[in-house]
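FYI, side chains are in, hydrogens and waters are out, and symmetry mates aren't considered; it's all heavy atoms of this structure. Residues take their numbers from the sequence shown, with the count starting at 1.
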Amino acid sequence: MEISTNDYRVWAEGSKIHYEGTMRLSGTEAYAPILELMNNVLDSKPEEIVLDLTGLEFLNSSGINLLAKFTIEIRKQPDIGVRVLGSKAIPWQSKSLRNLQRLHKSLELQIN
């Protein structure tokens, strides 16, 4: 499954979910298709889910909230690991992605 517009693209390859572009969607309902894609990966019960955000230049507060809620959903399934990939070259990621570790102590965060 893939969701793409002129501004962003989100797609899954197995249990790895890729995000790229600029996501400025307005509110929870606008992010619903993306959450559905993410939940489909979670529902497949992989050993680990990887959120690859290295290509996501901008994410607004609604999108960060989406990541937080999804992290909490993963936490409810202790058999599923989670790894988040970020980029030091994208300033919002160094600040915001660390908050996901507060929501899920086993979350592995790699910001390169």
Side-chain angles (χ1 to χ4, degrees):
M1 184 175 187
E2 177 177 320
I3 300 167
S4 64
T5 70
N6 290 334
D7 296 325
Y8 68 87
R9 180 174 170 225
V10 179
W11 73 100
E13 292 176 344
S15 63
K16 189 172 186 177
I17 304 170
H18 302 268
Y19 306 79
E20 66 180 28
T22 300
M23 295 175 68
R24 300 174 200 254
L25 305 179
S26 57
T28 305
E29 288 186 27
Y31 278 100
I34 295 167
L35 180 60
E36 181 181 349
L37 182 150
M38 296 164 74
N39 282 331
N40 285 341
V41 172
L42 181 61
D43 290 345
S44 72
K45 303 208 181 291
E47 288 183 23
E48 178 185 62
I49 293 175
V50 178
L51 305 177
D52 183 355
L53 301 160
T54 56
L56 190 60
E57 296 291 329
F58 180 83
L59 184 65
N60 66 4
S61 60
S62 294
I64 291 171
N65 189 35
L66 170 83
L67 291 178
K69 287 182 178 178
F70 188 66
T71 299
I72 291 169
E73 287 302 312
I74 296 172
R75 185 179 67 193
K76 293 176 184 175
Q77 300 189 37
D79 294 340
I80 299 176
V82 60
R83 188 161 36 113
V84 177
L85 309 177
S87 171
K88 288 180 182 174
I90 304 172
W92 74 269
Q93 293 188 2
S94 295
K95 292 181 180 178
S96 298
L97 295 180
R98 295 194 191 290
N99 291 329
L100 298 177
Q101 288 181 307
R102 294 185 182 129
L103 299 172
H104 191 319
K105 299 294 182 198
S106 299
L107 182 144
E108 181 182 342
L109 179 60
Q110 295 178 348
I111 299 178
N112 298 317

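Judged as a salt bridge (Lys or Arg N to Asp or Glu O under 4.0 Å), the pairs with a partner in residues 62-82 (not counting sequence neighbours) are, in order, E73-K76.
Checking each of I80, L35, V82 against L42 for a side chain to side chain contact (heavy atoms under 4.5 Å, CB included) leaves exactly one that passes, namely I80.
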Identify all side-chain donor-acceptor contacts of residues 16-26 below 3.5 Å with residues at least two apart in sequence or on another chain.
| from | atom 1 | to | atom 2 | distance (Å) |
| --- | --- | --- | --- | --- |
| H18 | ND1 | D52 | OD2 | 3.4 |
| H18 | NE2 | E13 | OE1 | 3.1 |

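Remark: E36 pairs with no residue by the salt bridge (Lys or Arg N to Asp or Glu O under 4.0 Å) rule, at least two apart or across chains. Partners of E47 by side chain to side chain contact (heavy atoms under 4.5 Å, CB included), not counting sequence neighbours: none found. Residues passing the side-chain hydrogen bond (donor to acceptor under 3.5 Å, both in side chains) test with N39, sequence neighbours excluded: none. Scored by the side chain to side chain contact (heavy atoms under 4.5 Å, CB included) test, S94 finds I111 as partners (sequence neighbours excluded).
For Y31 against N60, the heavy-atom pair with the smallest separation is OH-OD1, 2.7 Å. Pairing each heavy atom of S87 with each of T54, the nearest pair is CB-O, 4.1 Å. Residues E29 and P33 share a closest heavy-atom pair of O-CD, 3.9 Å.
A donor-acceptor distance shorter than 3.5 angstrom exists from the side chain of W92 to the backbone of E57, with no hydrogens or angles considered.
Two residues are said to be in side-chain contact when any heavy atoms from C-beta on lie closer than 4.5 Å; L107 and V84 meet this criterion. The closest side-chain heavy-atom distance from I34 to F70 is not below 4.5 Å.
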